[in-house]
Amino acid sequence: MHGKIPLQGPFDGIYFSLSFDEYLPARRSSAISTMQAHELPLYGGAQERAIDLISFAVMHIRRDPMVHTVWKRPKVSLCIVSLLTLCTLMSIIHTPTAFASPAAPDANQKGISWPAGQQLPTFARPGHLDVIDMGEQSAEMQLTLATLEGNINRERPRIYLIEHNAREGATTWLEKSKLPLTTYTDPWKLISKYTHEIRGIIIYDPDTPDTINAATTLAGIKTGIVVHPDMVAKLTAAPYKLPILEDLRGRFKTRLEVVNWEIANLWPQANHRLLFGLAPTAASSIPEDNWKHFQVVAEETNEITNGSNHKVYDIDLSNFLGNESIYVRLQDSFPQGGWGPSVHEVTVKADGQVIAHFIPCSDDEEQYVFDHDSSSCSYGPTDQHRFADGTSYFVYRFTPPADTRQLTISLDMWNEYKISATGIKPEHTSDIGKPFGNLRDYVVANRAMVFWLSANRPSEARLFEQIASQVQPGTPYLGWFDSEPDGVRMLSRHGIYTLAADWFTNLTVHSGIPRANQPPATPATPNLENKIYLTYVASDGDNLQYNEHHMYELWNDPNRGKVPLNWTISPLLRDASPLILNYYQTTATPNDQLIAGPSGMGYFNPSEWPKSNLAVYFEHSRRYLKELGITTVDVLDTQYSPSDAIARAYKDYMNPPGVFYNYDSHGKTSTVAGLPVSLRVHEVNVDRTIEAIKQDSANWDGTSPLFISVQLSAWDTIPARDALKITQALGANYVAVRGDHFFQLYRQANGLPQYHP
């Protein structure tokens, strides 16, 4: 039986051929179908969206080992799909903005569930886990095991990889899952157990690290595992006998070559409901004695965070001449504050002649960088610079002529710098990175494409924009960037929100562990008085890997609950990890309020988001927030304060009592288009924060309430402890309240309608 079925609505003109056959005799009772998309373009528009929806329907109902998907190019062939799938597909197509509450996975369910309107997929419920400690494995083996995990957990989560240095404790979430488990110490035995479910191996090229990303993408599409060349002989021999599905060695020289190849060959076959950005390798751990030969040559001894010491610093490096090269290390002189050196221009002279001159974060700079570490770039139109905050650093290498007698470096620089130099080459550089497996299980399981591109370097940014333009508004991007503000800004312009998740582990397991959604009760709002009302906001809750790791560590500070505190959290934990969400919900005290991290469901700049789609995105965010009992929203944006249009969009479509909008050295709470908006005070330490609060309240006359919000950085403070210190230091005129109470009281004091969820 054959025929053509038209897709109506936005998919007019697209047809799929449909045929019905039978299984083998033992399964004659199950009719099956073969759907094939005929000659659809590889990129763009409704056609590609239709292909995406079909592919997800197929992935969703893979309930039998015999059911599988075959990908071809330029056609997409979707084989052995049940009639139920077609009905599900048509329902999805005709309700593209429907919102689905994820039901707890049925014990017998297999595969991935991802109804329209749900932001992240739900995996099947795990019944038993095979566990192995990644801290005992080489980086290369960790990568292999992560791609194995992704393929095996696609049908049902069965593998769990213990992260050795997890800040919450290596087995914390595993223990809270209460799942039965078997522990493995030999990775080869674990691979052997699942060899029959793997179709082969993909070999990456260690000389071109970006092939790790291409190999990861291939691992999902071809159901293979990613391997280092040294592992090939063992895996192709008995007992594994795995065929080579793809060998990427010697085929590419540059990142651009790799990503262009991915776009041409893998992107048409990949899942387009998710984007992933992961650096191919992680910085190697550097022993402290690596810097034993460095001598400090210049240092800022005052805490300066406003660029007031901006000038050109001339430093004589002649004492370090004598060897082939001189190494110059730049780091933060006050690492606890996070305002390290910002370097805008570098000039090096040998006996008065320029031997190096460049703007940091440019192609010209790269030949001189010995170690980037985790330094960052800013690409403002007039102030492009490299900076190293906290414990970050970067090292330059300069090679003067052999007979040089005087060597000087001039640094156009500001903020808290510490400069040291040596003529002896350091033994290690973090630039020689190692593969890592974090989040790659999720990439593989979802058959998505992962890449790493700068949002700033023109050649890479153009490619990044090309990929971003090929997905629907509202698509999540998981991972991170070389430059946070530039990456978020660029994706926001395409209607794509960011989920920082590059160090999330076992996401394929977490999203299948069912736990009840239990929003904490909201205590009654206190009576309004003529006081200075303070509310504290702990940052970075939009960050999924922070929710998994560092937030747990901060949450368990014994001071939590002594002072009202707003904890930003990702609403998408509802999909990603009901276990983690439930933990924070059920252990919250009445003084702990969970609020949405920037700037809704995920991190984006509202002023950059396409106006035509903003209401739709806010509506999806509102539904997530409402289900989780979250009312208040933290917002980061490129605009200092929201425009009337953005404020109205938040008010009308997300309905918060108010929003925390950006932060600065001084705060201000006001009303924009009927919406309470609070700019938070943010300073580098407790003492500076107290001083800033006092300055902001210096003119308070005591005849009416004053409202001040405070930002506490999750990476530079212990929020519960520091909120208590600040409150105790300020005195009786200052009252700390939760964020919802803060905005309710502000509304009451300013004659605004009382808030109703």
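Between His510 and Phe123, the ring center distance fails the sub-6.0 Å criterion. Between Tyr552 and Tyr583, the distance separating the two ring centers is shorter than 6.0 angstrom. Phe334 has its ring centre no less than 6.0 Å from the ring centre of Trp339. Between Phe464 and Phe451, the gap from one ring centroid to the other is short of 6.0 Å.
Side-chain contact check for His272 and Thr475: no donor-acceptor pair (N or O, by modelled atom type) lies under 3.5 Å. With hydrogens and angles left out, the side-chain atoms of Ser374 and Ser392 include a donor and acceptor closer than 3.5 Å. Side-chain atoms of Trp555 and Thr587 form a donor-acceptor pair, as typed in the model, at a separation below 3.5 Å.
Between Tyr477 and Phe481, the angle of the ring planes stays under 30°, which puts this pair in the parallel group of the 30/60° scheme.
In terms of heavy-atom proximity, Pro187 sits nearest to Leu145 at CB-CD1, 4.1 Å. Here the closest heavy-atom approach between residue Thr568 and residue Ala596 is recorded as CG2-O, 4.3 Å.
Cation-pi geometry between Arg440 and Phe436 is met: the NZ or CZ atom falls under 6.0 Å from the ring centre, inside 45° of the normal.
Pairs of residues two or more places apart, or lying in two chains, that qualify as ring-ring contact (aromatic ring centres under 6.0 Å, His included) and include a residue from residues 182-206 are Trp188-Tyr240, Tyr204-His228.
Atom CG in Asp482 sits 8.5 Å away from atom OG in Ser376 (nearest 0.5 Å).
With sequence neighbours excluded, no residue forms a salt bridge (Lys or Arg N to Asp or Glu O under 4.0 Å) with Arg329. With sequence neighbours left out, Glu553 forms a salt bridge (Lys or Arg N to Asp or Glu O under 4.0 Å) with Arg167.
Residues Asp210 and Arg255 are paired through a salt bridge, judged by an N-O separation under 4.0 Å between the basic side chain and the carboxylate. Between Arg489 and Glu484, none of the side-chain N atoms (NZ, or NE/NH1/NH2) sits under 4.0 Å from a carboxylate O, so this pair counts as no salt bridge.
Under the 3.5 Å distance criterion, the side-chain polar atoms of Asp373 are left unmatched by any main-chain donor or acceptor of Phe394. The main-chain N or O of Ser454 is found under 3.5 Å from a side-chain atom of Glu460 such that the two form a donor-acceptor pair.
Using a 4.5 Å cut-off on side-chain heavy atoms (C-beta onward), Leu275 and Val471 make contact.
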